**Q** 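One structure, pasted below without further comment.
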Amino acid sequence: MSTLILALAAGAVIGLALGALGGGGSVLAVPALIYLLGFTPAAATTASLIIVTATSATALYAHAASGNVRWKTGMLFAAAGILPAIAAGTLATRLPEAVLTAAFAAIAALAALRMLRPPHPEQQPKPVRPARAAGAGAGLGAVTGFLGVGGGFLAVPSLVGVLGLRMRAAVGTSLLVITVNSLAALAARAGTSTPLDWAVIAPFTGAAILGAWDGKRLASKISGPTLQRIFAIVLLAVAAHMLIDALH
């Protein structure tokens, strides 16, 4: 029963993160599955992709209904990242676990620091340039496949910093990118023999989906700069924890 309660509580938190921030779900899901629920790293990354795919699709629907998704930009990001994600995922299987954990922590910390930079109050959204969007999407896909996460914690800073989307539009659009990238990563892992505990994954996913709806409502009540600060603080905390774990 305690495992079920932990799964429900962790799922609710991951759902809130995805619904409100447009990312951070798999960043939080992997440590929760490993440290709270006893999954191996390999099983945790695969299970997190299942959880994040279902939750992101739910949150995407909610944000699309509010007009917060830039479909053209998101599809360019997602399409450009599919093949790099698969190739990088293959490379990641050949590297030591500690190296992947340290790389994950470093990239998360860099993204957080970028998000903490004060925004320019007069900044206007930039026109979508296909080459620029595709290039950023390919890089994001490679990092996603390499680290085995959905990639929203990098998609939001990329959409804000590289393409100049407003925070709320970046949150909604990142969910499209997360959904497509996570599905591609799951397809690449389809033939693996990693055992999955569905008695934990199912309630975890259900709680995350419900939490995503609450996260969407939370996002509508909080300003864009505040969302950025919350997002950055979460990323820094996760990065510090995983870096310490890698060093041990």
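Scope of the values below: all heavy atoms of this structure, side chains included, with no hydrogens, waters or symmetry mates. Please read all numbers here as calculations on a predicted model, not as lab measurements.
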**Q** If the test is side chain to side chain contact (heavy atoms under 4.5 Å, CB included), which one of I209, T55, L37 qualifies with F204?
**A**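 So the option named by the test is L37.
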**Q** Kindly compute the distance separating CG (L6) from CG (L33), expressed to the nearest 0.5 Å.
**A**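 Between atom CG of L6 and atom CG of L33 there are 11.0 Å.
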**Q** Not counting sequence neighbours, which residues clear side chain to side chain donor-acceptor pair (under 3.5 Å) with Y35? List them please.
**A**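 For Y35, the residues satisfying side chain to side chain donor-acceptor pair (under 3.5 Å) (neighbours in sequence not counted) are D245.
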**Q** Restricting to non-hydrogen atoms, name the atom on G172 and the atom on V69 that form the minimum distance, rounded to 0.1 Å.
**A**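 Taking G172 first and V69 second, the nearest heavy atoms are O-CG2, 3.7 Å.
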**Q** Are L186 and V200 connected, step by step, through hydrophobic side chains (Ile, Leu, Val, Met, Phe, Trp, Tyr) whose heavy atoms are closer than 4.5 Å?
**A**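 Yes, same cluster.
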**Q** With a 4.5 Å cut-off on side-chain heavy-atom distances among I, L, V, M, F, W and Y, is there a chain of contacts connecting I14 to L210?
**A**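 I14 and L210: separate clusters.
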**Q** Side chains of L159 and F77: closer than 4.5 Å at any heavy-atom pair?
**A**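 Yes, their side chains come closer than 4.5 Å.
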**Q** Counting distance only, does the side-chain N/O of S182 pair as donor-acceptor with the main-chain N or O of V52 below 3.5 Å?
**A**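 Flag not set: sc S182 to bb V52 has no pair under 3.5 Å.
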**Q** On a heavy-atom basis, which atom in A32 and which in A10 lie closest, and how many Å separate them?
**A**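 Shortest heavy-atom contact: CB-CB, 4.1 Å.
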**Q** What's the spacing between R70 CZ and M75 CE if we round to 0.5 Å?
**A**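 Answer rounded to 0.5 Å: 16.0 Å.
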**Q** Return the NE2 to OG distance between H63 and S174, rounded to the nearest 0.5 Å.
**A**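 So the NE2 of H63 and the OG of S174 are separated by 8.0 Å.
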**Q** State, with a plain yes or no, whether a side-chain heavy atom of T173 is found less than 4.5 Å away from one of W71.
**A**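 The answer is no; the side chains never approach within 4.5 Å.
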**Q** Restricting to side-chain contact (heavy atoms from CB on, under 4.5 Å), what partner residues turn up for L183, sequence neighbours left out?
**A**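 side-chain contact (heavy atoms from CB on, under 4.5 Å) check on L183 returns T53, T179.
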**Q** My understanding is that only one of I178, L176, V177 makes a side chain to side chain contact (heavy atoms under 4.5 Å, CB included) with L60; could you say which?
**A**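 The passing option is L176.
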**Q** Suppose we screen for side-chain contact (heavy atoms from CB on, under 4.5 Å). Which residues come up paired with L83, at least two apart in sequence or across chains?
**A**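 side-chain contact (heavy atoms from CB on, under 4.5 Å) list for L83, sorted by chain: empty.
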**Q** Of all the heavy-atom pairs spanning A184 and I82, show the shortest one and how long it is.
**A**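 The answer is CB-CG2, 4.0 Å.
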**Q** The criterion is side-chain contact (heavy atoms from CB on, under 4.5 Å); which residues satisfy it with I201, sequence neighbours excluded?
**A**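 Listed in chain order: F39, A47, I50, I51, L196, W198, T205.
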**Q** Checking A12 now: which residues fulfil side-chain contact (heavy atoms from CB on, under 4.5 Å) with it, not counting sequence neighbours?
**A**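 Testing A12 for side-chain contact (heavy atoms from CB on, under 4.5 Å), a comparison that skips the adjacent residues, returns none.
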